[in-house]
Amino acid sequence: MNQHDSATLHRTPVIPGAVPARAGLLWGLLGVLAFSFTVPFTRVAVADGGLPPLFVGAGRALIAAALAAIALIVTRQALPQGRQWFRVCIVAVGVVIGFPVLTSFALTTASASHGAVVIALLPAATAVAAVGRTGERPRPAFWGAVAVGAVCAVAFAVVQGGGIGSVHLSDLLLFGAVVAAAIGYAEGGLLSRELGAWQTISWALVVASPVMLALTAFSARDGVSGTASGWWAFAYLGVVSMFLGFFAWYRGLAIGPMATVSQVQLAQPVFGIAWAALLLGESIGWSTVLGGLAVIAAATLAVRTRATRAVSAGPAVRER
């Protein structure tokens, strides 16, 4: 059978021409920039905007699922095959259900600055998940950079947030969100090499839509009211954080190396707290400037220390 034969079960991804060496990092950075508004906008929606946290966490996925379904139908995408459905479900549980719902509840009490701790831990968690799932074997220097980056990012978020203190329910919810997102990112990045970047998140959104519809209906059973700013933040979360941002992010992970691209997330706390200052009026002092420089330096060190080899023969991302 040739590569155009519809009866071929194994679909080999094809990319036109060679992929530039830094393409994965650039796509990943674009995704991180889109995601950097997620924590402050979630805070705006659930705390300042007055929208129920379950409604925000589940409802934004419904918006994205509607857009995903339209895109899949219009472009006539082929259905995932066999085990790919199970892997799509893993992505759905991690990034469509787990992360949005857990962070929405956490940010009803935690500040946007404190919520940045989630973003600070994601790079290290994603790197671990990626290595375990894909078989990438980074050099020891890479893991050293990951550790330094994680410490710098966590210290930056803690100082900016005024200290973590004792463990609260919001901290446990944020930790659960980190684990869910890391697994979803790693599996989604790998699956994007077969289905395509935007196709992967689109199928995950569609698969999760019945669950999210039920949760949204339950949360809105007594009616939903919120401020204009809350609804605008909710719209961004649905269209960009849950949909468009993943186009760039999963493409970057698919090009890889996944463990290396994941470290671009170290810049996200800097972006997120900057937006929190602009949107929520949080003050930015010298500790923010110095902490931001430390995080960016650690991110640069991590992304320059590339993985030595991976299971796959090379980047494979399907364009349509």
Side-chain angles (χ1 to χ4, degrees), residues 9-11 13 24 27-28 31 35 38 57-58 60-62 64-65 67-69 71-72 77-104 118-119 121-136 173-215 241-259 261-262 265 310-312 315-318:
L9 294 179
H10 179 73
R11 294 176 291 181
W27 280 107
F35 293 151
T38 299
R60 72 198 205 189
L62 281 184
L67 297 175
L72 290 170
Q77 295 296 311
L79 294 170
Q81 300 294 323
R83 184 174 171 79
Q84 288 178 338
W85 281 113
F86 174 73
R87 297 166 64 191
V88 167
C89 289
I90 293 177
V91 177
V93 171
V95 302
V96 179
I97 300 175
F99 186 83
V101 172
L102 292 173
T103 53
S104 293
V118 174
I119 308 304
L121 294 175
L122 263 176
T126 303
V128 172
V131 168
R133 182 63 182 88
T134 67
E136 292 180 2
L173 293 174
L174 292 172
F175 177 75
V178 168
V179 175
I183 295 173
Y185 283 172
E187 190 63 47
L190 189 61
L191 189 56
S192 293
R193 297 173 178 175
E194 303 172 22
L195 298 180
W198 72 266
Q199 293 92 333
T200 296
I201 188 59
S202 294
W203 285 117
L205 287 163
V206 170
V207 165
S209 59
V211 174
M212 305 313 272
L213 176 60
L215 293 176
S241 293
M242 288 298 297
F243 190 55
L244 297 180
F246 279 99
F247 284 29
W249 179 240
Y250 273 154
R251 176 164 174 77
L253 290 178
I255 294 173
M258 194 181 300
V261 174
S262 69
Q265 293 173 98
V311 169
S312 60
V317 183
R318 187 173 61 179

Flag side-chain contact, heavy atom, 4.5 Å: [X] against [Y]:
X    : Y    : answer
S192 : R251 : no
T200 : E187 : no
L62  : L213 : yes
I183 : I90  : yes
Q77  : S202 : no

For the [atom1] atom of [X] and the [atom2] atom of [Y], what is their distance to the nearest 0.5 Å?
X    : Y    : atom1 : atom2 : answer
M242 : I201 : CE    : CD1   : 6.0 Å
L102 : F175 : CG    : CZ    : 11.5 Å
F99  : S241 : CZ    : OG    : 9.0 Å
R87  : E194 : CZ    : CD    : 4.0 Å

- Message: I'd like to know whether L174 forms a side-chain contact (heavy atoms from CB on, under 4.5 Å) with V178, so could you lay out the CA-CA distance, the side-chain angles of the two residues, the decisive distance to 0.1 Å, and finally the verdict.
- Response: CA-CA 6 Å; L174 292 172; V178 168; 5.7 Å; no
Please report the closest heavy-atom contact between [X] and [Y], naming both atoms and the distance.
X    : Y    : result
V261 : G252 : CG2-O, 3.6 Å
V96  : A208 : CG1-CB, 3.5 Å
A181 : L122 : CB-CD2, 3.6 Å
G57  : P100 : O-CB, 3.6 Å
V211 : I97  : CG1-CD1, 4.2 Å
A65  : L205 : CB-O, 3.7 Å

- Message: So if I apply the ring-ring contact (aromatic ring centres under 6.0 Å, His included) rule between F246 and each of W203, W198, F35, which one comes out positive?
- Response: F35
- Item | Y185 vs V91, side-chain contact (heavy atoms from CB on, under 4.5 Å): CA-CA, chis, key distance, verdict | CA-CA 7 Å; Y185 283 172; V91 177; over 6 Å; no
- Ring-ring centroid check W27 Y250, cutoff 6.0 Å: no
- Query: Where the side chain of Q84 meets the backbone of Q81, is there a donor-acceptor pair that is under 3.5 Å apart?
  - Reply: yes
- Item | V88 and Q199: CA distance, side-chain angles, deciding distance, side-chain contact (heavy atoms from CB on, under 4.5 Å) verdict | CA-CA 10 Å; V88 167; Q199 293 92 333; over 6 Å; no
